[in-house]
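Let me begin by presenting the structure, written as structure tokens, before commenting on it.
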2 protein chains.
Amino acid sequence: MRRIAESTVRRLSLYLSFLEEIEARGVPTTSSEDLARLGGTTSAQVRKDLSFFGSFGKRGLGYSVPELSARLRRILGLGRQWRVCIIGAGKIGAALARYAGFTERGFIVSAVYDSDPSKIGSRWGNVKVRDEASLERDIEAGDYQIAVLAVPADSAQNLADRVVRAGIKGILNFAPVQLTVPNDVALRAVNMAMELEALTFAITNKVD
Amino acid sequence: MRRIAESTVRRLSLYLSFLEEIEARGVPTTSSEDLARLGGTTSAQVRKDLSFFGSFGKRGLGYSVPELSARLRRILGLGRQWRVCIIGAGKIGAALARYAGFTERGFIVSAVYDSDPSKIGSRWGNVKVRDEASLERDIEAGDYQIAVLAVPADSAQNLADRVVRAGIKGILNFAPVQLTVPNDVALRAVNMAMELEALTFAITNKVD
DNA sequence: CTACCTTTGTGAACTAATTCACAAGCTCCC
DNA sequence: GGGAGCTTGTGAATTAGTTCACAAAGGTAG
Ligand SMILES: NC(=O)c1ccc[n+]([C@@H]2O[C@H](COP(=O)([O-])OP(=O)(O)OC[C@H]3O[C@@H](n4cnc5c(N)ncnc54)[C@H](O)[C@@H]3O)[C@@H](O)[C@H]2O)c1
Ligand SMILES: NC(=O)c1ccc[n+]([C@@H]2O[C@H](COP(=O)([O-])OP(=O)(O)OC[C@H]3O[C@@H](n4cnc5c(N)ncnc54)[C@H](O)[C@@H]3O)[C@@H](O)[C@H]2O)c1
């Protein structure tokens, strides 16, 4: 398949979230124009984004909401359950472990890993805190495909290397460091400093 | 000033973080090649990014680390203190309020706002939980320039409208909704679902 | 069946971002 | 002081992404 731009993937996620809202309101069809308005883009952009994957609409009518959302789910790889572990049972790890948004989207979080003996063995809701020493064993057993890194910056690369070696397929990194992983492993980073700096840049260099 | 691409701003933040590491190691100069290697880009990209703002290096020699990082800080608007409030004293709000990374970057978080009477008045470290009813008054008094939204999705737009009316300059949104704000207000969003979906898309559509 | 309205899907045109490639500037050394 | 060796800064070329614009297709009403 032709390489898909990251911006396209982001927009597909966005369209899916709009479709879910529209579906919840019981509206049966929608149009590229509707989705564009909701997403702050143009209808041509919506149609072009979808066209990379096929043709899902009916001319003159628009798109069937359930059909298009099913298609987008499939395109985004959401047609299956994903098992996720969180590494680092600190402040951000705790928030993530209890975050309902994961489950709602079909991501199963069943464990958090930490190295601190005082945390290991405790239970947060139905999530257990496990010893990070068993991380490799659990990943190799197929318990998780995705790891969320919520550890201090100076442990992050080491843990990334370990989970990669054990066969993880995707990493979502919250530590403020640039990780290096083989390019068959998917990597995304959430970097608060960068987000805040994008804000201060925009405020400071306002066009008016 | 010519409009600067968002990708450029993201890379400037990244370069700054590399410069801070390099500075901490006591290395006095660096080159576009070094920064490119660290950031997974090309030296031409680094030089082009910087060239939008001036010319900071010495041919044949490279860049003075303290000078370039000072320049980047100024470009990114970090030459001053920014006061930030967090709205929503829930799981993610709690993690953010105690996050050292904010303070390290010169962002001062002094209050969290919530509507839940059982939370209002409590104190987390040196951060107080205040009644969201006083949000407008505090913003109008100049207490904050930036608001971080960590409230449920269905309250987020309403709170955004309120803080905008009160004069906030930038919003960092954690709720999984697309907010609408006037375009003189800077807006960034951290959307977990999108990050995870970017991972599952990449894993599912792997090029091999 | 036809005219008319709507909205898709997509090449073509355009705009933005990245990469190339090299002259210019700085240092060092003989 | 001049040549060698680096590395910057930047137009030009290239590549990527977005928007335009319209033919094609579906629906509806008369
Ligand atoms: N708190 C936030 O709001 C926030 C926001 C964005 C990013 N971050 C980043 O997320 C990371 C974690 O932040 P935090 O605030 O939760 O810190 P924290 O100190 O509360 O938690 C870190 C946890 O990681 C554990 N840990 C350390 N080394 C480990 C290892 N080798 N294996 C397993 N666990 C290990 C520690 O025991 C601790 O429980 C940091 O890199 C931070 O910069 C935090
Ligand atoms: N927990 C996570 O890891 C996580 C991650 C990403 C995004 N989010 C998003 O962040 C938001 C908060 O998530 P959470 O897990 O912290 O939820 P939470 O329920 O723990 O916290 C929400 C808080 O907001 C407060 N609140 C509600 N309405 C308010 C109002 N009008 N004014 C002020 N405060 C109000 C509630 O009292 C509560 O304390 C949600 O939109 C969620 O989707 C959460």
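Values below: all heavy atoms of this structure, side chains included; hydrogens, waters and symmetry mates excluded. For clarity, every value in this text was computed on a predicted model and none was experimentally measured.
Under the rule for a side chain to side chain contact (heavy atoms under 4.5 Å, CB included), A:Ser55 has no partner lying at least two apart in sequence or in another chain. Under the rule for a ring-ring contact (aromatic ring centres under 6.0 Å, His included), the partners of B:Phe102 that lie at least two apart in sequence or sit in another chain are B:Tyr99. Among residues two or more places apart in sequence or in another chain, the salt bridge (Lys or Arg N to Asp or Glu O under 4.0 Å) test is passed with A:Arg11 by A:Asp49. Residues passing the salt bridge (Lys or Arg N to Asp or Glu O under 4.0 Å) test with A:Arg47, sequence neighbours excluded: none. B:Arg165 meets the side chain to side chain contact (heavy atoms under 4.5 Å, CB included) test with B:Asp161, B:Arg162; sequence neighbours excluded. A search for salt bridge (Lys or Arg N to Asp or Glu O under 4.0 Å) contacts involving B:Asp34 returns B:Arg37, not counting sequence neighbours.
Taking a 4.0 Å limit (strictly below) on heavy-atom distances, residues 14-33 of chain B does not reach DNA chain C anywhere. The stretch residues 56-73 of chain A comes close to DNA chain C through A:Phe56, A:Gly57, A:Lys58, A:Arg59, A:Gly60, A:Leu61, A:Gly62, A:Tyr63, each having a heavy atom under 4.0 Å from the strand. For DNA chain C, the residues of residues 36-48 of chain B within the heavy-atom distance limit of 4.0 Å (strictly under) are B:Thr42, B:Ala44, B:Gln45, B:Arg47, B:Lys48, sorted by number.
Taking both residues in full, the closest heavy atoms of B:Gly88 and B:Asp114 are given as C-OD2, 3.7 Å, listed atom of the first, atom of the second, then distance.
Residue pairs meeting the side-chain hydrogen bond (donor to acceptor under 3.5 Å, both in side chains) criterion with at least one partner in residues 102-112 of chain A, sequence neighbours excluded, are A:Glu20-A:Arg105, A:Arg105-B:Glu197. Screening residues 74-98 of chain A for side-chain hydrogen bond (donor to acceptor under 3.5 Å, both in side chains), with sequence neighbours left out, gives A:Arg80-A:Gln145.
Classification of B:Asp184 and A:Lys206 as a salt-bridged pair fails, no side-chain N sitting under 4.0 Å from a carboxylate O.
Shown here is B:Asn183, whose CG atom has no more than 12 heavy atoms of other residues, nucleotides or ligands within 6.0 Å.
Taking the 5' to 3' direction, DNA chain C first and last meets chain A under 4.0 angstrom from a heavy atom at C:dT6 to C:dA12.
B:Lys169 contributes a side-chain N or O that, together with a main-chain N or O of B:Gly167, makes up a donor-acceptor pair within less than 3.5 Å.
Rounded to an integer number of Å, the gap from B:Asp34 CG to D:dC6 C1' is 13 Å. D:dG17 atom P lies 13 Å from atom CG of A:Leu12, rounded to whole Å.
With values rounded to the nearest 0.5 angstrom, B:Ser69 atom OG is found 11.0 Å from B:Leu76 atom CG.
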